[in-house]
**Student:** 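Next up is a structure, given as structure tokens.
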Amino acid sequence: FKIEKVMKKVLILLLWLLPSCSVVILAQTQRIAGTVVVGDGQPAVGAAIVVKGTNIGAVTNVDGKFIIAEAPASAQQLVVYHVGMERKEVAVAPNVYIQLQPVEKGFSWNVKAGVSLFSFRRPDGLDERTGFSAGVGAEYNFSRHWAIQSGLMVTSKGATAEYDGYSPLSSSTEPISYKAKIAPIYLDIPILAAFKMDVSNHVKFVINIGPYLAVGMGGKYELTNKGGHKGESHNPFKSYSSLAEAKNKDALLKRFDIGVQGGIGFEIWKHYLVNASFQHGFMEPVKGGTLYAGDTEKHYPIGGILTVGYRF
């Protein structure tokens, strides 16, 4: 009889505590809902959303929507996974909206073309010369923000200069005005570290810097007098002498140059590229240091390149 009384008291106590326990249990969870889309705004179907630090989560439906009915009340961050997209962490919020971006790791190729403006830096200066730049580029992305860029760019550089001199073919003691056009063409091989920053969903701002190697391929050195008569015209990297023993020893320019290149640009819709670069060579490009009579200063290639391109 005493045992029955005790059992009744215990049963009454449990029935009294049950609603309180339910309230406590409900208070320890929360409902999280939201939408997941990919970069272009399309629903991310089959994306996995997990409460950070737990195995509680959900999968998006055909509309990119998800519901986590019983997430811990202490949940503050969600982790989102989707095939071909970057992993993303977001803060818990009512009807959270999550936009994923494609993974950009790996190699890509591009083509570029544009204009160049170069001269040979020296104390009294030389006039700039406009040319061209075109070629192919390669890029390896370590992440959305960091990449290594290189390529093979054919670029015309050089300068123009005007000076007074004397012709060995004339008996006149009056100086003759000459104009020298130096238009070498180089194969540039840059190796650049690039940092990319999102401006919007479809535009990135890019900064790059690094060394470059330039190999002389050809071009023209042209010397004319005031009357337009050509005194010289030849490849600046080859001998202008007809003597076989010269073996390019009297060529105007050295074949190789190294320097630093830096630039800024934009990537638009992942495929379209715009870039403005600056180059400064470290080596004296002129053999003997003389471009024309009376030229005694050191020279360094310096200039800029503006290109547009397309990434495949």
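Just so it is clear, the structure is predicted and the values come from calculations on it, not from any experiment. Reckoned from all heavy atoms, side chains included, excluding hydrogens, waters and symmetry mates.
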**Student:** Side-chain atoms of residues 301-312: list all donor-acceptor pairs with protein atoms under 3.5 Å, sequence neighbours left out, distances to 0.1 Å.
**Tutor:**
from: Arg311; atom 1: NH1; to: Glu267; atom 2: OE1; distance (Å): 3.4
from: Arg311; atom 1: NH1; to: Lys270; atom 2: O; distance (Å): 2.8
from: Arg311; atom 1: NH2; to: Glu139; atom 2: OE1; distance (Å): 3.4
from: Arg311; atom 1: NH2; to: Glu139; atom 2: OE2; distance (Å): 3.1
from: Arg311; atom 1: NH2; to: Glu267; atom 2: OE2; distance (Å): 2.9

**Student:** If you draw a 6.0 Å radius around CD in Gln77, do more than 12 non-hydrogen atoms from other residues or ligands fall strictly inside?
**Tutor:**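 Check passes, neighbour count above 12.
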**Student:** Assess, by modelled atom type and distance only, whether the side chains of Asp257 and Tyr212 contain a donor and an acceptor separated by less than 3.5 Å.
**Tutor:**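 Result is yes, a qualifying pair exists.
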**Student:** Between the side chain of Lys52 and the main-chain N/O of Gln76, is any donor-acceptor distance below 3.5 Å?
**Tutor:** no
**Student:** With rounding to the nearest 0.5 Å, note down the distance linking CD1 in Ile207 to CD1 in Ile264.
**Tutor:** 7.5 Å
**Student:** Got a sec: does the NZ of Lys181 have more than 12 other heavy atoms crowding it under 6.0 Å?
**Tutor:** no
**Student:** Are any of the side-chain heavy atoms of Lys88 and Val90 separated by less than 4.5 Å?
**Tutor:**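 Of all side-chain heavy-atom pairs linking Val90 with Lys88, at least one is under 4.5 Å.
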**Student:** Check the side chains of Asn275 and Ser277 for a donor-acceptor pair under 3.5 angstrom, ignoring hydrogens and angles.
**Tutor:** yes
**Student:** Tell me, do Phe66 and Leu78 make a side-chain contact under 4.5 Å, heavy atoms counted?
**Tutor:**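 Yes. Closest side-chain heavy atoms under 4.5 Å.
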**Student:** Test question: given the 4.5 Å side-chain rule for I, L, V, M, F, W and Y, name all other residues clustered with Val206, or answer none.
**Tutor:** none
**Student:** Is there a donor-acceptor pair under 3.5 Å between the side chain of Arg129 and the backbone N or O of Phe118?
**Tutor:** no
**Student:** Check whether Val274 and Phe205 end up in the same hydrophobic cluster, where Ile, Leu, Val, Met, Phe, Trp and Tyr are linked by side-chain heavy atoms less than 4.5 Å apart.
**Tutor:** no
**Student:** Can a donor-acceptor pair be found between the side chains of Asp188 and Gln261 at a distance below 3.5 Å?
**Tutor:** no
**Student:** Flag yes if Val203 and Trp269 sit in one hydrophobic cluster, no otherwise; membership is Ile, Leu, Val, Met, Phe, Trp, Tyr, and two members link when side-chain heavy atoms are under 4.5 Å apart.
**Tutor:** yes
**Student:** Got a donor-acceptor contact below 3.5 angstrom from the Gln30 side chain to the Pro72 backbone?
**Tutor:** yes
**Student:** To the closest 0.5 Å, what do you measure between OG1 (Thr29) and CD1 (Ile68)?
**Tutor:** 12.0 Å
**Student:** Taking Asp63 for the side chain and Lys65 for the main chain, is one N or O donor matched with an acceptor at less than 3.5 Å?
**Tutor:** no
**Student:** Would you check if the side chain of Ser116 reaches a backbone N or O of Ser133 as a donor-acceptor pair within less than 3.5 Å?
**Tutor:**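 No: the side chain of Ser116 does not pair with the backbone of Ser133.
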**Student:** Can you tell me how far apart CZ (Phe237) and CG (Leu252) are? Round to the nearest 0.5 Å.
**Tutor:**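 It is 9.0 Å, given to the nearest 0.5 Å.
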**Student:** Just how far is it from atom CD1 of Ile185 to atom OG1 of Thr155, taken to the nearest 0.5 Å?
**Tutor:**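 Between Ile185 CD1 and Thr155 OG1, I get 9.5 Å after rounding to 0.5 Å.
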**Student:** Considering residues at least two apart in sequence or located in another chain, which fulfil the ring-ring contact (aromatic ring centres under 6.0 Å, His included) criterion with Tyr81?
**Tutor:** none
